[in-house]
Amino acid sequence: MTTRVEVEDLLRKLAPQILGALVRRYGNFDLSEDAVQEALLAAAVQWPEQGIPENPRGWLITVAVRRLADEVRSVQARRRREEAVAAQVPSDELVVAAPSDERLPSEEDDTLTLLFLSSHPSLSPASQLALTLRAVGGLTTAEIARAFLVPEATIAQRISRAKQTIKASGIPFRLPPEPERAARLRVVLHVLYLMFNEGYTASTGPDLQRSELTAEAIRLTREVRRLLPEDGEVTGLLALMLLTDARRAARTRADGSLVPLTEQNRKLWNQGCIGEGRALVTDALTQSPLGPYQLQAAIAAVHDEAACAEETDWPQILALYELLERISPNPMVTLNHAVAVAMVQGPQAGLDLLAALDDDPRVAGHHRLDAVRAHLLELAGDRAAARASYRRAARRATSLPERRYLEARAARLKDAQ
Amino acid sequence: MKYIALVYSNPGAFEALSQTERDELMTKADAYLKEFSDSGELLSGGVALADPSTGKTVRVRNGVPAITDGPFAEAKEQLAGYYLLDCESLVRATEIVTHDPAALFWAVEVRPIMDTGGSEM
């Protein structure tokens, strides 16, 4: 008996290999991707009932090649009907041979090549996410639409727009040349980070289903690490995801409301994830040049290591934020840095650091700035100002659980007065 | 981020337009819908509302429902329809809406939709 979950796991693992094999052989990313998607759908329906075939990879390739051949034939027929210049396309290039050659090219390279292609900088972030989930993750358009809470037609549009862009710009199916590779890898990692965040921040109450994005982001980042074990930032990102996801069970209450880090029940934290994340980040920090994901993972590790909030090693967190601010300055880092400063040097020092952000258009008017200021004012004992700041933050928040949390903080200060 | 675009117009505003203006509005509206649906930013499922005079307003006070004709008649501009956008930022949302012909003739309000997810602080 084969379960649906077993089939899905296998299909997601095989998806980029099948697509890579087709694109390498036939060169048409656009049509190959559609054909692979159809083969995956067929397998998802048949395998749970009829069992997984002896050679699942060969089965998928055969079905996908057949679909591709059908599609190519119909494209050719359409061309002839429209009396287009069919002669420009030598038909033997389009006619698809049976997959007799089982010596398929290195699947590892294909997964990576597909990731680079799906997160090509010429695509919009929304298209990068959708295409990565489908072409590399093997998710269906319907599954992606459910995860992002948008109509299926919208995801289909984003994928088709992405494929048109790839086709039109003639982006080749190979790893980016060495000089570009490091910068392009940063984009791949950013897409995986966005995927993780989308799932993680949504995994409350009725949106539990979206946590699938978190699992998928971790799985794909593991893949990248398997292929690029030497890259400290890949390892750092995987560690960051694991160390963050470890707290998932503690971060919300049964009613979906958010629990701040200091009040979380640390017994609910996943020690397996924490252990793995810590080992990864230690490994990366000792063996690779420093990078922002490694530093964020190191900060998450320090939080996760404290048995209770009071035992948090704030001086170490502060030192890590100082480094992070130096190599990757941005206002969101400064916000967290200000909290660390307040915990080590007192709330006023943190508030002084925040004052610099009031003129920064990237964060001025953002509810997080008001929320951090409110928190530091509360620590400083200025309850009236803290309450006003929490209320301002609540008004500016565009997330329901965050707004409720901020309103509750404001109300608590009022009750105590 | 998801945003809602609320189209406000005076009741009877469409009838008040000249034939040329109406044709212009319809052509531009089709082009607008196509362009931003294709970009994956304008979500399907937008609606146009019937004239405010065909609606009712419901209030329940002390358990007693009171149903009155139409929305507030005194308001000059009334909600005429809405659609959803899913895009990078409010800046991008307003940039998209500047292409909506409804904004050319009337007014379109863009408001963020509350996210049901969030980060602990």
Side-chain angles (χ1 to χ4, degrees), chain A residues 124-127 130 148-162 164 197-207 210-211 244 247 250-252 256-264 335-336 339 367-368 371-372 374-375 393 396-406 409, chain B residues 1-8 27-49 79 81-103 107-121:
Chain A
S124 74
S127 286
F148 287 96
L149 309 173
V150 298
E152 204 177 322
T154 301
I155 294 297
Q157 270 308 334
R158 288 179 190 170
I159 289 168
S160 110
R161 171 66 61 105
Q164 280 165 24
N197 244 5
E198 183 77 26
Y200 184 75
T201 56
S203 54
T204 64
D207 282 342
R210 302 175 67 192
S211 63
T244 308
R247 303 181 204 133
R251 67 182 287 269
T252 53
S257 61
L258 294 165
V259 186
L261 191 53
T262 48
E263 292 169 24
Q264 286 178 14
L335 278 182
N336 292 319
V339 175
H367 75 284
R368 289 257 160 192
V372 171
H375 175 60
R396 286 172 166 169
T398 54
S399 139
L400 277 172
E402 288 178 24
R403 184 168 76 185
R404 285 194 201 112
Y405 166 78
L406 293 163
R409 301 297 287 205
Chain B
M1 266 306 287
K2 293 196 181 68
Y3 301 90
I4 190 163
L6 302 159
V7 179
Y8 285 92
T27 316
K28 283 188 173 165
D30 286 346
Y32 175 67
L33 283 177
K34 178 161 178 14
E35 178 176 358
F36 295 102
S37 302
D38 284 359
S39 77
E41 291 169 303
L42 201 160
L43 307 187
S44 56
V47 302
L49 304 180
L79 189 61
Y82 68 82
Y83 53 87
L84 299 181
L85 297 167
D86 182 20
C87 57
E88 284 294 288
S89 63
L90 185 59
V91 172
R92 173 64 184 155
T94 53
E95 185 186 298
I96 291 172
V97 170
T98 55
H99 299 272
D100 182 351
V108 183
E109 191 177 314
V110 183
R111 304 258 307 263
I113 291 178
M114 296 298 281
D115 198 326
T116 52
S119 311
E120 65 271 30
M121 291 174 229

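By convention in this document, chain letters (A, B, ...) are assigned in the order of the sequence lines, proteins followed by strands, and residues within each chain are numbered from 1.
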Under 4.5 Å from a heavy atom of chain B, the part of [X] involved:
X: A:Gln264; answer: side chain
X: A:Ala397; answer: backbone
X: A:Leu406; answer: side chain

Which heavy atom in [X] sits nearest to a heavy atom in [Y], and how many Å separate them?
X: B:Glu120; Y: A:Tyr200; result: OE2-OH, 3.2 Å
X: A:Arg161; Y: B:Glu35; result: NH2-O, 4.3 Å
X: B:Gly40; Y: A:Thr154; result: O-CG2, 3.4 Å

How long is the gap from [atom1] on [X] to [atom2] on [Y], to the nearest 0.5 Å?
X: B:Asp86; Y: A:Arg158; atom1: CG; atom2: CZ; result: 4.5 Å
X: B:Asp115; Y: A:Glu198; atom1: CG; atom2: CD; result: 7.5 Å
X: B:Met114; Y: A:Arg404; atom1: CE; atom2: CZ; result: 8.0 Å
X: A:Thr398; Y: B:Arg111; atom1: OG1; atom2: CZ; result: 12.5 Å

Is it true that, when you exclude B:Tyr82 itself, more than 12 heavy atoms of the residues, nucleotides or ligands shown sit nearer than 6.0 Å to its OH?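 No.
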Backbone N/O of B:Ser119 and side chain of A:Glu402: donor-acceptor pair under 3.5 Å: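 Between the backbone of B:Ser119 and the side chain of A:Glu402 there is a qualifying donor-acceptor contact (under 3.5 Å).
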Donor-acceptor contact below 3.5 Å, side chain A:Ser399 vs main chain B:Gly117: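 At least one qualifying donor-acceptor pair exists.
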Which atoms of B:Ser37 are under 4.5 Å from chain A, going by heavy atoms: the side chain, the backbone, both sets, or neither?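 Backbone of B:Ser37 only, per the 4.5 Å heavy-atom cut-off to chain A.
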Which bit of B:Leu84 comes within less than 4.5 Å of chain A, counting heavy atoms only: side chain, backbone, both or neither?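 No part of B:Leu84 comes within 4.5 Å of chain A.
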With chain A, which of B:Ser44, B:Gly45, B:Ser39, B:Pro112 has the greatest number of heavy-atom pairs at distances under 4.5 Å?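 If we count pairs closer than 4.5 Å to chain A, B:Ser39 comes out on top.
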